[in-house]
Structure formats: structure tokens, C-alpha cells
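Along the sequence shown, the residues carry numbers beginning at 1.
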Amino acid sequence: MTKGCTHIAGIQDVTPSARGCEECLKSGSRWLHLRICRTCGHVGCCDDSPNRHATAHFHATGHPVIEGYDPPEGWGWCYVDEVLFDLSKRETPHDGPIPRYY
């Protein structure tokens, strides 16, 4: 599952930046699923959401690895190497209830 990814070693334990997609909460937009950046803790919406804020965060910052955050999915994704990998033993805990906007 981790073929050729050089970024897995840089995964950080992070604190979520918000209890939902940070940008969608500010703008009143909706999301489907959440992703958390494993470099800085930015919480953004997935690519099936209208605004795709997690991917936008990657393009703006270059932070390579996200985790399927809500619902907790136990996987990580490296945007750079396009590799999916297991994070089930290193999932980022929620710090409170996540609002539903789908």
C-alpha cells in the first residue's frame, strides 16, 4: 500500500483546525466528508464536496498527506505520490462533535 511514497515518514500528530471544513464554516457552504492535513491539522472538505477545500489546501501549501477524518476512515492519501495507505492505528481523534452539512 505504501509503494514509493516518500512523505509517510513526515506524517505528524496534529490538532484539528476546526470542527468541520474550516472554509465552509466561514462561508456557510456544505460538505460531504472531511479530510485533515497531517502536516498542520487543517480540516477541509473532500473532492466530492462542492468546494474541495482539502485539495485546495494541498495546492496552496504543498502539504502532501491527508487523512479521511470524518467519518473516521482509517486511511491516508499522499497527493504527491498518489498513494493510499493505512492510518487506522494513527487516526486523529475528534475534539468534539462534528456538525453534519450534507
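- Residues passing the salt bridge (charged side-chain N to carboxylate O under 4.0 Å, His left out) test with Lys26, sequence neighbours excluded: Glu22.
- Evaluation of the ring pair (Phe, Tyr, Trp, His ring centres under 6.0 Å) rule for His42 yields His57 as partners, not counting sequence neighbours.
- With hydrogens and angles disregarded, a donor-acceptor distance shorter than 3.5 Å links the side chain of Thr61 to the backbone of His63.
- The CZ atom of Phe85 sits 4.0 Å away from atom CD1 of Ile11, with the distance rounded to the nearest 0.5 Å.
- Remark: Leu34 CG to Cys45 SG distance equals 7.5 Å, nearest 0.5 Å.
- The shortest heavy-atom contact between Asp81 and Cys78 is N-SG, 3.4 Å.
- Taken from CG in Asp47 to OG1 in Thr55, the straight-line distance is 3.0 Å, to the nearest 0.5 Å.
- Remark: Glu91 CD to Asp13 CG distance equals 12.0 Å, nearest 0.5 Å.
- Of the possible donor and acceptor atoms, one in the side chain of Arg38 sits under 3.5 Å from a partner among the backbone N and O of Gln12.
- Annotation: side chain of Trp31 is in contact with side chain of Leu25 (closest heavy-atom distance under 4.5 Å).
- Among all heavy-atom pairs drawn from Asp86 and Gly74, the shortest one is OD1-O, 3.2 Å.
- Ion pairing between a basic and an acidic side chain is recognised when a charged N comes within 4.0 Å of a carboxylate O; Arg35 and Glu73 show such pairing.
- At a threshold of 4.5 Å between non-hydrogen side-chain atoms, the residues Thr92 and Val14 count as touching.
- Ser27 places a side-chain N or O within donor-acceptor distance of the main-chain N or O of Glu23, the cut-off being under 3.5 Å.
- Interatomic distance, Thr39 OG1 to Ile66 CD1, rounded to the nearest 0.5 Å: 11.0 Å.
- To the nearest 0.5 angstrom, Leu87 atom CG is 9.0 Å from Trp75 atom CH2.
- Side-chain N or O atoms of Arg19 include none that pairs as donor or acceptor with a backbone N or O of Pro99 at under 3.5 Å.
- Not one N or O on the side chain of Glu67 forms a donor-acceptor pair closer than 3.5 Å with the backbone of Gly76.
- Below 30°, between 30° and 60°, or above 60°: for His94 and Tyr69 the angle between ring planes is above 60°, a perpendicular geometry.
- No donor-acceptor distance shorter than 3.5 angstrom exists from the side chain of Asp70 to the backbone of Pro72, with no hydrogens or angles considered.
- Between Ser49 and Arg30, every side-chain heavy-atom pair lies at or beyond the 4.5 Å cut-off.
- Smallest separation of non-hydrogen atoms from Val80 and Phe58: CG2-CE1, 3.9 Å.
- The side-chain heavy atoms of Tyr79 and Pro64, taken from C-beta on, include no pair separated by under 4.5 Å.
- Without hydrogens or angle criteria, Asn51 side chain to Cys24 main chain gives no donor-acceptor distance under 3.5 Å.
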